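Submitted below is the structure of interest, expressed as structure tokens.
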Amino acid sequence: MSEHKDFIREIIDEDNRTGKFDGRVHTRFPPEPNGYLHIGHAKAILLSYGIAQDYGGKFNLRFDDTNPCKEEQEFVDSIIEDIRWLGADWEDRLFFASDYFDQLYEWAERLIEKGLAYVCDLSADEMREYRGTLTEPGKNSPFRDRSVEENLDLFRRMKAGEFPDGAKTLRAKIDMAAPNINLRDPVMYRILHAEHHRTGDKWCIYPSYDWTHGQSDSIEGITHSICTLEFEDHRPLYDWFLEALEVYHPRQIEFARLNLSHTVMSKRKLLGLVESGVVDGWDDPRMPTLSAMRRRGYPPEAIRDFCAHIGVSKADNLVDIALLEYYVRDRLNKTAPRVMAVLNPLKLIIDNYPDGKVEWLDAENNPEDESAGTRKIPFSREIYIERDDFMENPPKKFFRLYPGNEVRLKHAYYVTCTDVVKDAAGEIVELHCEYDPKSRGGWNPEKGTIKGTLHFVSAAHAIPAEIRLYEKLITVADPSNTRKGKSHLDYLNPNSLKILTNCLVEPGLAECSPGDIFQFMRKGYFCADKNSTKDRLVFNRTVTLRDTWKKIREKAGNRG
RNA sequence: UGGGGUGUAGGCAAGUGGUAAGCCACCGGUCUUUGGAAUCGGCAUUCGGAGGUUCGAAUCCUCCCACCCCAGCCA
């Protein structure tokens, strides 16, 4: 089984063979600080960073902050935090496109002097009309043939603040009939009397992304500018700028962005969910943002595993969110300490266990990791078990607790159900059992296989907790491909968040800190929320355990 | 009816003229003090379609079809 390389690494191998960049490999991740990073960005970051690592090259972080109206320091901070958490390292190479504003301005004047750029007075609407359509060529701006002197003068006065927003633009003089619309005299500068998060009020003209991006990569000596598919037909424009300027020319390679099932990934839609209150902020654990995944308990290693395995190609894709969850479980299974928590408690009284007696039993912390050691858990006459683990009239193949059945209480004893107590409404309020004193620790060699094993907490020792259960945000796999007139908002999962407030957890959890991740045995992985305190424990369900019993039940249900 | 891309299993994705990897999902067995984990097995006679070249085609050629992106002074 040979390790295969993605098509980008193959291109880099080829460049190294031919000596195109003298064997250098230098990549970058260029986010715009106008929102939070999501799992799709993680794919891009890890791709570029991973390539730099594989080839002994360098990786830069550069903020593409050319639009002061949308960008904020808050986003710069969150992006830096998220990339650090993911594990990509830009060392001392943190840059901002705004660092290059002076250079870009100088280059713009150079293009004007070469007769390759001009100041245009067309309004936004007029410019749209002049641009033509997908099938018809555009027509030249009436301002296209201004003299170099006039252009220089006007451009300097734009910079000096003599004109209001939108009054003029600087445009590249390329070809209004180009079949590639990006080449129809694109805007290089627009007038924006806006405060920039880094340059303040120094500028009232701002370079467009297209005019900034390629040159920024050039300035930084990037060899391979890896970006997503939608920029493929901007590449000829970047080539044009770089050639006109006669500066160092990186190679741009495009790949398909990640789409994840049962969620949305566009910043616009994500922003909409936040602003409309559908979710409780960018780090609501239901969001596909990295900050949400961190809060929910996804380890960065799992995200790296996921990104390393989804592949890189140019084909549109929709990756099943089950794959991400698989890698989360895979990591957590090896690392998360096992504890017992009862989400929906049902009291169980062991009639033949001495009243007032407490035994502290040994419990292993992680069967996958012996070095995780053991802890002591309390056992007593009154305990709580999971309500789901008892059925008065069980279906076939149910081997949990029911009248007359014997089950194992994990790490403790075997118990047999002897009585069911109900309230006036017929609701089961408590169970009575007898325990087998010879089964201490959960094993009696005299008996055959005990199939059912239940988790529990000791009533006198358990501590209360709030537990938040999360499910998919959206009920359909691909909300971008739904019936006419429907959007992702028509497919929000009403059960995406369920808050349980009467949960009971084993006493050791009182000491846990926000961010700690556990396996609540038989229930799933849970992460102490950022707002969890000793007095008010709050856990987020990271992901459930695989549940074959649930599957059997659902199948039976479908048949019936 | 412009330009740029992409089509291999339910979802990703290898494959680069020599007879369809792997992962997830799904199905079944073993094992188990978590119905977890682990483990074993099953899962494309065929690569968007049709022709053609060749001893041999997912790979080369021709035509066709489908889907995605582009008409911001957003990135």
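Just so we're clear, the structure is a prediction, and the values are computed from it rather than from any experiment. The sequence lines fix the lettering, A, B, ..., with proteins before strands; numbering per chain opens at 1.
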Rounded distance in Å - CD (Glu325(A)) to C1' (G11(B)):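 Atom-to-atom, Glu325(A) to G11(B), this comes out as 14 Å.
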
Is G72(B) syn or anti, taking syn as a glycosidic angle within 90° of 0?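 Base orientation relative to the sugar is syn.
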
Can you tell me, in whole Å, how much space there is between the C1' of A20(B) and that of U46(B)?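 The same atom, C1', in both gives a distance of 7 Å.
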
Look at the side-chain N and O atoms of Thr135(A) and state whether any lies under 4.0 Å from the OP1 or OP2 oxygen of U1(B).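 Result: no.
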
Rounding to an integer number of Å, can you tell me how far Ile253(A) CD1 sits from G4(B) C1'?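 Distance, rounded to whole Å: 17 Å.
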
If I take atom CG in residue Leu237(A) and atom P in nucleotide G4(B), what distance separates them, rounded to the nearest angstrom?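 It is 16 Å, rounded to the nearest whole Å.
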
Readout for nucleotides 64-75 of chain B: B = base within 4.0 Å of protein heavy atom, S = sugar-phosphate only, - = neither; 5' to 3' it is ----SBBBSBBB

Residue list, ring pair (Phe, Tyr, Trp, His ring centres under 6.0 Å) with Phe379(A), at least two apart or on another chain: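 Listed in chain order: Tyr353(A), Tyr413(A), Phe456(A).
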
Quick one: does NZ or CZ of Arg198(A) land under 6.0 Å from the six-membered ring centre of Phe96(A), within 45 degrees of the ring axis?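 Geometry flag: set, cation within 6.0 Å and 45°.
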
Centroid separation Tyr105(A) to Phe155(A) less than 6.0 Å: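 Between Phe155(A) and Tyr105(A), which both carry aromatic rings, the centre distance is below 6.0 Å.
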
Nearest-angstrom distance from the residue atom NE2 of His262(A) to C1' of G11(B):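 Atom NE2 in His262(A) sits about 10 Å away from atom C1' in G11(B).
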
C1' gap between G48(B) and C67(B), integer Å: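 Looking at atom C1' only, G48(B) and C67(B) are 10 Å apart.
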
I need the CZ-P distance between Arg9(A) and A14(B), as an integer number of Å.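 Distance, rounded to whole Å: 12 Å.
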
Rounded distance (Å) that lies between atom P of U16(B) and atom CG of Asp13(A):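 Spelled out: CG on Asp13(A) to P on U16(B) is 16 Å.
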
Around atom NZ of Lys447(A), are there more than 12 heavy atoms from other residues, nucleotides or ligands closer than 6.0 Å?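 Count over threshold, so yes.
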
Check every strand shown and say whether Glu129(A) touches a base, only sugar-phosphate, or nothing at a heavy-atom separation below 4.0 Å.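 No contact.
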
Parallel, tilted or perpendicular: ring planes of Phe231(A) versus Tyr209(A), cut at 30 and 60 degrees: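 Aromatic pair Phe231(A)/Tyr209(A) classed tilted.
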
In this structure, which one of Asp65(A), Asp64(A), Leu61(A), Ile80(A) forms a side-chain contact (heavy atoms from CB on, under 4.5 Å) with Pro31(A)?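 Testing Pro31(A) for a side-chain contact (heavy atoms from CB on, under 4.5 Å) against Asp65(A), Asp64(A), Leu61(A), Ile80(A) leaves exactly one candidate, Leu61(A).
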
For Trp443(A), check ring pair (Phe, Tyr, Trp, His ring centres under 6.0 Å) against everything at least two apart and list the hits.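 Per chain and number, Trp443(A) pairs via ring pair (Phe, Tyr, Trp, His ring centres under 6.0 Å) with no residue.
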
Can you check whether Phe518(A) and Phe526(A) have ring centres sitting under 6.0 Å from each other?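 Ring-ring flag for Phe518(A)/Phe526(A): false, centres at least 6.0 Å apart.
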
Nearest-Å distance once atom C1' is located in both G51(B) and A9(B):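 To the nearest whole Å, 26 Å.
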
Protein-nucleotide distance (Gln252(A), atom CD; G4(B), atom C1'), rounded to Å: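 Rounded to the whole Å, the gap is 13 Å.
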
Using atom C1' in both nucleotides, what's the gap between C23(B) and U19(B) to the nearest angstrom?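 The answer is 24 Å between these two C1' atoms.
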
Decide if the gap between the ring center of Tyr36(A) and the ring center of Phe75(A) is smaller than 6.0 angstrom.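 Close enough - the centres of the two rings lie under 6.0 Å apart.
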
In whole angstrom, give me the gap between the P atoms of G17(B) and A58(B).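 Those two atoms are separated by 13 Å.
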
Any side-chain N or O of Lys314(A) under 4.0 Å from OP1/OP2 of A13(B)?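 Checking A13(B) against Lys314(A), no side-chain N or O comes under 4.0 Å of OP1 or OP2.
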
Using the C1' atom as the point on both nucleotides, what is the distance between U34(B) and A75(B), in whole Å?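 These two C1' atoms come out 48 Å apart once rounded.
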
Closest to side chain of Ala322(A), choosing from C23(B), A25(B), G4(B):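 From the listed options, A25(B) comes nearest.
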
What distance, rounded to whole Å, do you find between the two C1' atoms, one in C40(B) and one in G52(B)?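 One C1' to the other, the span is 46 Å.
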
Reading nucleotides 29-40 of chain B from 5' to 3' and marking B where a protein heavy atom lies under 4.0 Å of the base, S where only the sugar-phosphate is that close, and - otherwise, the string is ----BBBBS---

C1' spacing across the pair U53(B) / G5(B), given as an integer number of angstrom: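 Nearest-Å result for U53(B) against G5(B) at atom C1': 27 Å.
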
Go ahead and write out RNA chain B as dot-bracket, 5' to 3': ( ) for pairs within the strand, [ ] for ones crossing earlier pairs, | when the partner sits on another strand, dots for unpaired; Watson-Crick or G-U wobble, both distances under 3.5 Å. .(((((((.[[[..)..(...]]].(((((.......))))).....[[[[[..)....]]]]])))))).....

Going by the angle between their ring planes, with limits at 30° and 60°, are Phe101(A) and Tyr206(A) parallel, tilted or perpendicular?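 The arrangement is perpendicular - the two ring planes meet at more than 60°.
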
Determine whether more than 12 heavy atoms belonging to other residues, nucleotides or ligands lie under 6.0 Å from atom CZ of Arg257(A).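 Check fails, neighbour count at 12 or below.
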
Length of the CG-P vector between Asn317(A) and U6(B), whole Å: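 To the nearest whole Å, that distance equals 14 Å.
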
Applying side-chain contact (heavy atoms from CB on, under 4.5 Å), name anything that partners Lys70(A), two or more places apart in sequence or on another chain.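 With neighbours one apart ignored, the set is Glu32(A), Asn34(A), Asn67(A).
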
CD/Gln73(A): more than 12 non-hydrogen atoms of other groups inside 6.0 Å: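 More than 12 heavy atoms, drawn from other residues, nucleotides or ligands, come within 6.0 Å of this atom.
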
Phe7(A) or Lys551(A), whichever maps to the more 5' nucleotide of RNA chain B: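 Result of the comparison: Phe7(A).
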
